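Here is the structure we will look at.
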Amino acid sequence: MTQQLSKHRHISFTAHYTGYIWYQMGISHPALATAKGKTLAALVHPIESWAEKYVGGSMRTTLKQRHSILDNHLKELIEQHPNLQVLEIACGLSPRGWWFRQHYPNITYRELDLPDMAATKQAALQQIESNVDEVLSVDLFTDAFAAAFEVFDQQRPLVIISEGLINYFEKPMLQQLIQAIANYGQNFKELRYLTDIYPEPTQNKLATIIWNSSRLLKWMSRSAFSFHFKNPAEVENFFQEAGFNQVEVLQPKQFFEQATLENTQQHLGDLVWVIQATNK
Ligand SMILES: C[S@@+](CC[C@H](N)C(=O)[O-])C[C@H]1O[C@@H](n2cnc3c(N)ncnc32)[C@H](O)[C@@H]1O
């Protein structure tokens, strides 16, 4: 049966850009770096370099932050649960699945994206991995998402990961997505959702640039790209409402500067946060 075209498919080009950034960072494989990604990265490069020199940070520096915090969390989870199962939704051309499958052969790591991107990823992975499982071809807002959970063993812990995804949807759809994860994953021995999120850029020197870039991104991706939360408490309430009992919001300042900041309920000014939610 042919899958209907998703109205979210215009978001997919962004994965070529981030995919190329992961390659430029030296953490990916040439097979996951596309010509489209190279062109997009070259287009944005002058603005990014200007921001890094004069403002002290850029979009790609936030990419690096979010990616390494997520990787770190995942490594910790694997140490706690050597039989972990991972489903990376909206995987794009990220090298994470490839890297973790090479370094932790005992875990199960599956990836999922919209049909066209899933096919592109699958073709790239086939060049660099042997016996690679099929990249699941699913629109997260369809019933097919429920079926993606059936691929896994409920007796083992499951972590769902997303990166660079959830700002693209308006709040009710985001609530629907998080509820779906909590709901479809409720019978697993343990369920976690690990994701990044861009909060409202309130106190950062880059705030105006970020607001303007977000409007451009919204227009280019024909999505509802926006910032949904102003402080960690709002995130916690939102995830709890969706069915996750424990919600941890990690801000890069706490992570990289080892800040022993007492009041973590404050927005510390970072452009991206990482959320770890569990249903226990
Ligand atoms: C900004 S890219 C991020 C890709 C990757 N996670 C990374 O960090 O490089 C967003 C991804 O979300 C995927 N996506 C958007 N809407 C989706 C949906 N409704 N269902 C599944 N994937 C979706 C796009 O195809 C794209 O690969």
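These values consider heavy atoms only, across backbone and side chains, with no hydrogens, waters or symmetry-generated copies. Quick caveat, the model's predicted, so the values are computed rather than measured. Numbering of ligands and ligand atoms starts at 1, following listing order.
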>> Can you confirm whether or not the ring centre of H8 sits under 6.0 Å from the ring centre of F141?
In response: yes
>> Between Q179 and Q175, do the side chains contain a donor N or O and an acceptor N or O under 3.5 Å apart?
In response: yes
> Tell me: protein heavy atom nearest atom 23 (C) of ligand 1, and distance?
Replying inline: L114 CG, 3.6 Å
> Going by the order shown, which atoms of ligand 1 are within less than 4.0 Å of some heavy atom of M117?
Replying inline: 27 (O)
> Are any of the N or O atoms of T14 closer than 3.5 Å to those of ligand 1?
Replying inline: no
> Hey, does W22 sit under 4.0 Å from ligand 1 if you only count heavy atoms?
Replying inline: yes
> Parallel, tilted or perpendicular: which describes the rings of H103 and W99, with under 30° parallel and over 60° perpendicular?
Replying inline: parallel
>> Using a 4.0 Å cut-off to any heavy atom of R66, which atoms of ligand 1 qualify?
In response: 8 (O)
>> Students should be able to answer this: which protein heavy-atom is nearest to atom 20 (N) of ligand 1, and at what distance?
In response: L140 N, 3.0 Å
> Which of the numbered atoms in ligand 1 are below 4.0 angstrom from a heavy atom of L165?
Replying inline: 12 (O), 14 (N), 15 (C)
> Is it true that a side-chain atom of H228 and a backbone atom of F169 form a donor plus acceptor pair closer than 3.5 Å?
Replying inline: yes
> Which protein non-hydrogen atom lies closest to atom 19 (N) of ligand 1, naming both residue and atom, and how far is it?
Replying inline: D139 OD1, 3.0 Å
>> I'd like to know if E111 and R101 make a salt bridge, using a cut-off of under 4.0 Å between side-chain N and carboxylate O.
In response: yes
>> Give the atom numbers and elements of ligand 1 that come within less than 4.0 Å of a heavy atom of F141.
In response: 19 (N)
> Tell me: protein heavy atom nearest atom 21 (C) of ligand 1, and distance?
Replying inline: V138 O, 3.4 Å
>> Which residue and atom name correspond to the protein heavy atom nearest atom 12 (O) of ligand 1, and how close is it?
In response: A90 CB, 3.2 Å
> If you count the non-hydrogen atoms of other residues, nucleotides and ligands that lie under 6.0 Å from NZ in K171, is the total more than 12?
Replying inline: yes
>> Could you check whether R96 and Y109, counting side-chain N and O atoms only, form a donor-acceptor pair closer than 3.5 Å?
In response: no
> Does ligand 1 have any atom sitting under 4.0 Å from a heavy atom of I89?
Replying inline: no
> Which of the atoms in ligand 1, numbered in the order shown and given with their element, are less than 4.0 Å from a heavy-atom of H8?
Replying inline: 16 (N), 19 (N)
>> Tell me the protein heavy atom at minimum distance from atom 3 (C) of ligand 1, and give that distance in Å.
In response: E163 O, 3.5 Å
> Where the closest heavy atom to atom 5 (C) of ligand 1 is concerned, which of C91, P115, P95, A118 has it?
Replying inline: C91
>> Please tell me whether E234 and N237 have a donor and an acceptor in their side chains that are separated by less than 3.5 angstrom.
In response: no
> Has the side chain of Q85 got a donor or acceptor atom that lies under 3.5 Å from a matching backbone atom of D153?
Replying inline: yes
> Aromatic rings F244 and Y193: how do their planes relate, parallel, tilted or perpendicular, breaks at 30° and 60°?
Replying inline: tilted
> Which ligand 1 atoms are under 4.0 Å away from a heavy-atom of A15?
Replying inline: 2 (S), 4 (C), 26 (C), 27 (O)
> Going by the angle between their ring planes, with limits at 30° and 60°, are F149 and F145 parallel, tilted or perpendicular?
Replying inline: perpendicular
>> I need the nearest protein heavy-atom contact for atom 13 (C) of ligand 1: residue, atom name and distance, please.
In response: D113 OD1, 3.4 Å
> Which ligand 1 atoms, with their elements, are less than 4.0 angstrom from a heavy-atom of T18?
Replying inline: 7 (C), 9 (O)
